[in-house]
J.: 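Sharing a structure, written as C-alpha cells. Questions coming.
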Amino acid sequence: MKKIKQLILVCSLFLIGVTFNNAIYGQCCDNCPQDLPDGDSQIFNVFVVDDAATPDNECEVTVDELGLNFTHQYIADLNITVISPCGNSAILIGDGAVGSGSGPTDDSAWNINFVDGAAAPDPNLPAVFDVQDADWGTNTTYTGTYNPNTGTIAGLNCPGGNCGAWEFVVEDVTGSDSGVFTDFGLSSGGAGLNCTSVMPACAIFNDLTTAPAAPTFVDAACAADGITLNPGSIDYAGTTCPAGATLQYSSDGGATWGITPVTYDDAMAITVDVRCLCDEDGMTVSPPASITTNPGVCVAIPSCTIDAVGEAVSACDDGGTDMDPADDTAIVTIDPAGTFDDGAGNTSPLAGTYTVTGLPTTTMGTFGTAVTETVPADAASYTITISYTDPNDPNVVCTAMATITAPASCSNAMNPPLVIMDPCNCTNGLDLDMDGQNEFALETITVSGGDGNYSIQAVSVSGLFDATGAALTEADLAINAMGVVETTSGGMVYVDGLASVPYSIIVEDGTGATVSQTGNICAPCPAPPMNDIPTLSEWGLITLALLLMSFGAVKMAVGSVALNGVGSTNIPMPGGQSFRLPFDSVLFRRVFQFTGVVALIGFAICFALYGAIFLADIIGVAIAGPVFAYLIHLLILLEKNNK
C-alpha cells in the first residue's frame, strides 16, 4: 500500500509539471503536430500580435521563456534555432553532427523549457542543452528547464517590440531518423503571448518585422551674427512602408498615432516616431523608428585653446653629494598661455586655474603665473597634459600636451654599482630544537661590483643569524675574496625559517658609496611530514597474520588437534571425508556486521587524531576486514563444537 501511495504521488507531480508546461506550449502552433524534416531543414513560423481584448500590449512585453514539445529518434541530428522579429537569434538545440552524439533516442520525447540561468534540468544532464555529450536515452520523457545551447532568451527581445514573425528553424543534418514537432510557445512572466502559426490577414506581415527608415532633420541655420534663427525642417522622403501598409506618426512618445506628418517646431526640441500599420487587419505594426530635432535656438558656442605649454627643464642638481646620484634632481617649469573665444568672434587670454598631470605629482596653477615641479635627474621622459575648464561653463574644456626629458644624473656613482644576490636554502638550514623543522634557512649573500681598489664592508644589518641562532651585527660580518658575506669566523649566515622575517644589509665601498638589500626567504621552512596510520604495506602484514591465524583455526577445527588440558574434537564436515572450509553463513553475516561497526569506529578515531582518512587504510580494511570476520567466525564455531 505504501508503494502504491508513492506511485500516485509521483504521477500527480508529473501531471502538475505537464499542466504547467502546457501553459507555454500550444498557444503558438495551431497546425501541429507536424513531422520534422529528415536530412533537411524546415521553418515553423510563430506570429505575435497584440490582442486588443487584453489590457497588456503584447508587442511591449518581454519574452523570457520558450517551450518546445517534440520527439526524435536521434537527437544528435538536430539543430533548432529561434529568430525573433528583429533578427536576434539563439540556438536552442545545437551542435548536431553526422555520426556523433549520445546515440539513439527512439521513443523519447522532449517537453522542455528554455530560460536564462537554468540550473536544474533533467537528472544527470547539463544545464546547457547539448545533443552531443548529454546522456540522452530511449523510451524517456524529458521535462526539464535548460539554457539555450548558444545565445540567451533575453537577447531575443526586440527594442521596438516583439510583435511580428518569430521563426523556429529546425535542421536535421542527416537522414534515416525522424521526429514530430508537437507544439511550441513563447512566455512572458509565465504567461503565454498572443501568438499563432497561421498567417494573419495582413499579407505583408513579414515586411513589418523591421522598422521603417527614420526621417531626417534639416538643421536650423544661424545667421552670421550667431543669433538669428532660420527654422529647420523634418524630411520624410526616405521613410516609406511596404505596399499594403500606412506610415503613421507620433510626437508624444507613441501614446497616440496619426497619418499627419509632424512638423518642426522651432521653439523647442521634439522627438518624432514613425511606424508602419498593416492596412488589412488595422492592428499589426512594425517596430518604430525615431529622430529628435535640435532645439530651435541659435546660441554662441564658446571655446578655448591652449596656445603654448611653456615648459622648461633646469640643469641637474647633485644635491651637494657628488658621489650619490640618489639625490640628483631637476626643476620643471610650466607657464602655459591660451585663448578664450566666446563664439561670436570675441577673444581674450585664458584666465583661471589649470591642472598639470604627467609629472610625479599633479600640480595646479593659474594662467599668467608659472609653476615648478622637482623631478629626479635620471633622464626619464614625462608626457605633460595641461587641462583647463571654464569656471562659468563646464562645457568649455581645452587641453594641450608636451613631452620633456629630465637631465641625466650628475653625481659620480660607483661604476659598476654594487650588486647583491641572495638565494635562500631551507634544506641546508638549522634545526636547533631537533623537531624535524628547520628554524633557520641558509642565506647565501654575494656582493659584487665596485672599484677593486676599494674595500667593501657591511655597515648595517638586521635579520641575519649565525649557526647558533644568535643575531648578527655588522661587526660580526665579513666579505671573503669571492664576495660572499660570512661571519668573521668564516661561518655561514642564516635567516628566519619560520616567519619569513625580512632581513636587510647595507654595504659600503671605500668611496663611501652604499647599496642596500632587503630580502625574504622563499617561504617558511616546511614542517616534517605527519606520521601516517598503517600504510598499505603494513596492512599487508596484518592481512597475512590474519590468514595464518585463520589457517591455524581451521587446522584445529578439522584435524582434532588436542590442546593442553582441553579435549579435542572434530567439526563435522559436509560430504564425509571431503575437505571443505568450515563456514556458517548466518554466523559469518553477524560477525561481518560487527567487524564493519568496529572498522567505522576505528575510522572515526583516526579522523579525530589525524584530521584525515587515508586511502591505504580504506583498502587495507577492505581486504583485512573479511579475513578477520572469518577468523572470529571460526573461533566461535570451534567453541560451539567443543561444548
Side-chain angles (χ1 to χ4, degrees), residues 1-10 13 119-120 122-126 135 137 140 436 526-643:
M1 179 62 69
K2 182 177 180 181
K3 292 184 177 179
I4 294 176
K5 291 182 178 179
Q6 291 175 343
L7 179 59
I8 293 174
L9 176 60
V10 171
L13 292 175
D122 293 286
N124 302 320
L125 296 176
D135 189 17
T140 305
M530 181 176 63
N531 291 329
D532 204 349
I533 54 182
T535 63
L536 189 57
S537 60
E538 293 169 333
W539 278 110
L541 295 176
I542 293 172
T543 304
L544 177 60
L546 291 173
L547 289 171
L548 292 174
M549 294 171 67
S550 298
F551 175 77
V554 171
K555 180 66 177 177
M556 294 173 62
V558 302
S560 302
V561 177
L563 301 179
N564 187 22
V566 179
S568 63
T569 184
N570 286 325
I571 294 178
M573 301 299 294
Q577 299 300 320
S578 61
F579 176 77
R580 295 183 183 177
L581 289 175
F583 182 74
D584 185 318
S585 60
V586 176
L587 177 60
F588 178 77
R589 188 182 305 112
R590 294 175 181 174
V591 175
F592 189 74
Q593 292 173 350
F594 171 77
T595 302
V597 173
V598 172
L600 290 176
I601 295 173
F603 279 130
I605 295 173
C606 291
F607 187 81
L609 294 176
Y610 297 98
I613 297 176
F614 301 92
L615 179 61
D617 298 306
I618 296 176
I619 296 173
V621 169
I623 296 173
V627 179
F628 176 78
Y630 181 72
L631 174 61
I632 299 301
H633 142 277
L634 279 177
L635 295 177
I636 295 174
L637 281 178
L638 181 60
E639 178 66 21
K640 287 182 177 181
N641 190 66
N642 287 336
K643 291 180 178 181

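Along the sequence shown, the residues carry numbers beginning at 1. None of the values given here were measured: they were computed from a predicted structure.
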J.: Could you tell me which non-hydrogen atom of Pro626 sits nearest to which non-hydrogen atom of Ile623, and how far apart they are?
T.: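 Shortest heavy-atom separation between Pro626 and Ile623 comes out as CD-O, 3.4 Å.
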J.: Quick one: side chain to side chain contact (heavy atoms under 4.5 Å, CB included) partners of Ala599, sequence neighbours excluded?
T.: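 For Ala599 the side chain to side chain contact (heavy atoms under 4.5 Å, CB included) partners, ignoring immediate neighbours, are Val621.
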J.: Test side chain to side chain contact (heavy atoms under 4.5 Å, CB included) on Ile636 and Leu587; report intermediate values, then the result.
T.: CA-CA 9 Å; Ile636 295 174; Leu587 177 60; 3.7 Å; yes
J.: How many angstroms lie between atom CZ of Phe588 and atom CD1 of Ile632, to the nearest 0.5 angstrom?
T.: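 Between atom CZ of Phe588 and atom CD1 of Ile632 there are 11.5 Å.
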J.: Using 0.5 Å steps for rounding, measure from the CG atom of Leu600 to the CD1 atom of Ile605.
T.: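 The distance works out to 11.0 Å.
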J.: With sequence neighbours excluded, what pairs up with Pro126 under the side chain to side chain contact (heavy atoms under 4.5 Å, CB included) test?
T.: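 Pro126 satisfies side chain to side chain contact (heavy atoms under 4.5 Å, CB included) with Asp130, Ala134 once adjacent residues are dropped.
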J.: Going through the checks in order, is the side chain to side chain contact (heavy atoms under 4.5 Å, CB included) test met by Ile618 and Phe603?
T.: CA-CA 9 Å; Ile618 296 176; Phe603 279 130; 4.1 Å; yes
J.: Which atom pair, heavy atoms only, marks the closest approach of Ala629 to Thr595?
T.: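 The pair with the smallest heavy-atom distance is CB-OG1, 3.5 Å.
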J.: For Phe594, which residues count as a ring-ring contact (aromatic ring centres under 6.0 Å, His included) partner, sequence neighbours excluded?
T.: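 Applying ring-ring contact (aromatic ring centres under 6.0 Å, His included) to Phe594 gives none.
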